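Here's the structure, in structure tokens; my notes come after.
The sequence lines fix the lettering, A, B, ..., with proteins before strands; numbering per chain opens at 1. In this text the structure is predicted, and so the values were computed from the model without any measurement.
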There are 2 protein chains.
Amino acid sequence: MKSFNRLSKRQQHMMRFMHAYTQKQGFPPSIREIGEECDIGSTSVVNYNLNKLVDAGYIVRSGKVSRGLRIVGPIPGVTTGRRVIGAVGPHRVALVGRIAAGEPISLPEDIGHHIEEDDYITVPPNLLGSYDASEAFALTVRGDSMIDAMIKDGDIVILRRQNTAENGEMVAAWLPEDNETTLKHFYHEGDGVRLQPANRDYEPIYVHPANCEIKGKVLSVMRSFH
Amino acid sequence: MKSFNRLSKRQQHMMRFMHAYTQKQGFPPSIREIGEECDIGSTSVVNYNLNKLVDAGYIVRSGKVSRGLRIVGPIPGVTTGRRVIGAVGPHRVALVGRIAAGEPISLPEDIGHHIEEDDYITVPPNLLGSYDASEAFALTVRGDSMIDAMIKDGDIVILRRQNTAENGEMVAAWLPEDNETTLKHFYHEGDGVRLQPANRDYEPIYVHPANCEIKGKVLSVMRSFH
DNA sequence: ATTATACACGAACATTTGTTTTTGCGTCAA
DNA sequence: TTGACGCAAAAACAAATGTTCGTGTATAAT
């Protein structure tokens, strides 16, 4: 058996092209199309390297049928790398950190600062509602206090920056006195504010408006099952 | 302009076959393969109906290249939705219709009336996991049977196309006998299959594997408040 | 009846496309 | 040196595959 993962520069080029072509066209390229793109003069050389990729487990071929190949392995420079190509575009919001949905935890930086390039996340337009991506930011949820609101640990919530909230809205609230940020339902309660978890195991938090700074309201949530 | 929502039985058969074949093989079928499957004796007849489907906006063809076709419209009996031509790009998956998470509902076979949002939706890479956007599709959830799995009515689930499933995975299953598609947890149960809702108010569905076609497994979910 | 249209068949045709064969160039080890 | 082996090129071959053309059959509209 050979060493895996050792693709020649040419084979990597082929992998990338086959992936891009299939994405764009809806069907895989022919041997000659691969050869033309990768500057390979002969179809047999393409065929040779294609079989190499099969041996390495990167693709599967269906013999004798035209365009009979399918990508089953990682695409060098696209899937393997952490950096995703083509990630520049609209509907990108900052993934600024984590927020407690259980016991409040402190957020190191204020929301909206120290955002790295990799901390942006692409968001479907429908998750932004009528708001612009520039108004929005994202947080990873920690804790289970919003479990009854169908938000659980690990979820990513999309919020719109705003300093006020209506009764019943789900908001990210910063408690300056404790330097803590938390995710709760917002309610006016007399002169004060009630931050209501959506979990019977947790008690609501009562604070003075001066000690409760709304950072944004929740627009949407997304979750990945691993 | 013609009416595009009326496909002949033969054309529906072709649509279903092209979809299933592409799913299974990774590339579209040839004209002769379509003809053989759909009991069409002549390639020209297949070609004729293929062009009909192009006119109707169900597929796109790349002239002169083998297997040069791509499905861009709804698949009768499988999906619903509005048709879109050439709307492809990175991290975009087809939003193909709705799926029942409660009592199974049958998907209407005539299409073209649903004025939904875009038929394609941008999906953050993290919601696709290790899979490619070309393998994925999206469905809007109807019903509350998966409420205990934190999926509720109106949610959009991202799925990866596959015909098999592991025990416990959440899958979209098509029940050909009833022409119904449903979202359930999948379990092998002796010789049969158990489709388990995540809601105490709903009973599991027991079916024979022959009457249960897995369409894909759920990768992720997203929800918008409002 | 006539025309138009949708749909279908079969056969030939022209390309596309995967496969095979032959040849050659390097590198590396015995 | 010699020989094995990975890699590459060109040409020829065989099969797969899309396209076209002539024809036929219903059905509905005029």
Side-chain angles (χ1 to χ4, degrees), chain A residues 1-15 17-18 21-22 24-72 76, chain B residues 1-18 21-22 24-71 76 110 112:
Chain A
M1 190 56 76
K2 313 262 155 77
S3 62
F4 275 7
N5 274 28
R6 274 295 177 223
L7 297 186
S8 69
K9 185 62 190 160
R10 175 170 270 178
Q11 286 160 351
Q12 292 182 28
H13 190 182
M14 289 170 60
M15 283 296 292
F17 172 66
M18 289 186 293
Y21 185 102
T22 307
K24 183 177 174 61
Q25 296 297 135
F27 47 85
S30 69
I31 281 187
R32 283 172 179 79
E33 284 171 330
I34 297 173
E36 185 174 347
E37 169 68 20
C38 300
D39 298 309
I40 303 175
S42 175
T43 60
S44 65
V45 178
V46 177
N47 190 56
Y48 170 83
N49 285 288
L50 241 26
N51 287 330
K52 282 293 174 185
L53 291 172
V54 171
D55 291 340
Y58 282 82
I59 65 174
V60 169
R61 295 185 77 186
S62 302
K64 297 200 184 291
V65 314
S66 60
R67 301 168 191 273
L69 59 92
R70 126 178 283 174
I71 295 176
V72 296
Chain B
M1 183 62 76
K2 339 215 129 125
S3 64
F4 45 74
N5 52 349
R6 270 303 165 209
L7 296 185
S8 70
K9 186 63 191 159
R10 178 170 265 179
Q11 285 161 352
Q12 292 182 28
H13 190 183
M14 288 171 61
M15 282 296 290
R16 270 194 296 275
F17 171 67
M18 290 187 292
Y21 186 102
T22 307
K24 184 177 174 59
Q25 297 296 135
F27 46 86
S30 69
I31 280 186
R32 282 171 180 81
E33 284 171 330
I34 296 172
E36 185 175 346
E37 169 69 19
C38 300
D39 298 309
I40 304 174
S42 174
T43 60
S44 65
V45 179
V46 177
N47 191 56
Y48 169 82
N49 286 288
L50 242 24
N51 288 329
K52 282 293 176 185
L53 291 173
V54 171
D55 291 341
Y58 282 82
I59 65 173
V60 169
R61 289 234 269 167
S62 302
K64 297 198 184 293
V65 314
S66 60
R67 301 165 191 273
L69 60 91
R70 125 178 285 174
I71 295 176
D110 62 321

Note: F17(B) and P29(B) closest approach over all heavy atoms is CE2-CB, 3.8 Å

Who pairs with S42(A) by side chain to side chain donor-acceptor pair (under 3.5 Å), at least two apart in sequence or on another chain?
S44(A)

Between CG of N51(A) and C1' of dA8(D) the distance, given in whole Å, is 14 Å

For E33(A) and dT17(C), what is the distance between atoms CD and C1' respectively, to the nearest whole Å?
10 Å

Once you round it to whole Å, what is the distance between C1' of dA8(D) and NZ of K9(A)?
19 Å

Under 4.0 angstrom between K52(B) side-chain N/O and dC7(C) OP1 or OP2
yes

Do I59(B) and M14(B) make a side-chain contact, defined as non-hydrogen atoms from C-beta onward lying under 4.5 Å apart?
no

Value in whole Å for how far the C1' atom of dT19(C) lies from CG of L50(A):
12 Å

Look at the side-chain N and O atoms of N47(A) and state whether any lies under 4.0 Å from the OP1 or OP2 oxygen of dT19(C).
yes

Which heavy atom in P28(A) sits nearest to a heavy atom in F27(B), and how many Å separate them?
CD-CB, 3.3 Å

About how many Å separate CZ of R67(B) and OG of S30(A), when rounded to the nearest 0.5 Å?
12.5 Å

Return a single string for nucleotides 9-16 of chain D, one symbol per nucleotide in 5' to 3' order, where B is base contact, S is sugar-phosphate-only contact and - is none, cutoff 4.0 angstrom on heavy atoms.
BBB----S

Hey, does the side chain of Y48(A) come within less than 4.0 Å of dA8(D)'s phosphate (OP1/OP2), counting only N and O?
no

Out of dT19(D), dT19(C), dA8(C), whichever nucleotide has its closest atom nearest the side chain of N49(B)
dA8(C)

Separation of I31(B) atom CD1 from dG10(C) atom P, in whole Å?
16 Å

Quick one: which of I34(B), I31(B), V54(B) gives a side chain to side chain contact (heavy atoms under 4.5 Å, CB included) with L69(B)?
I34(B)

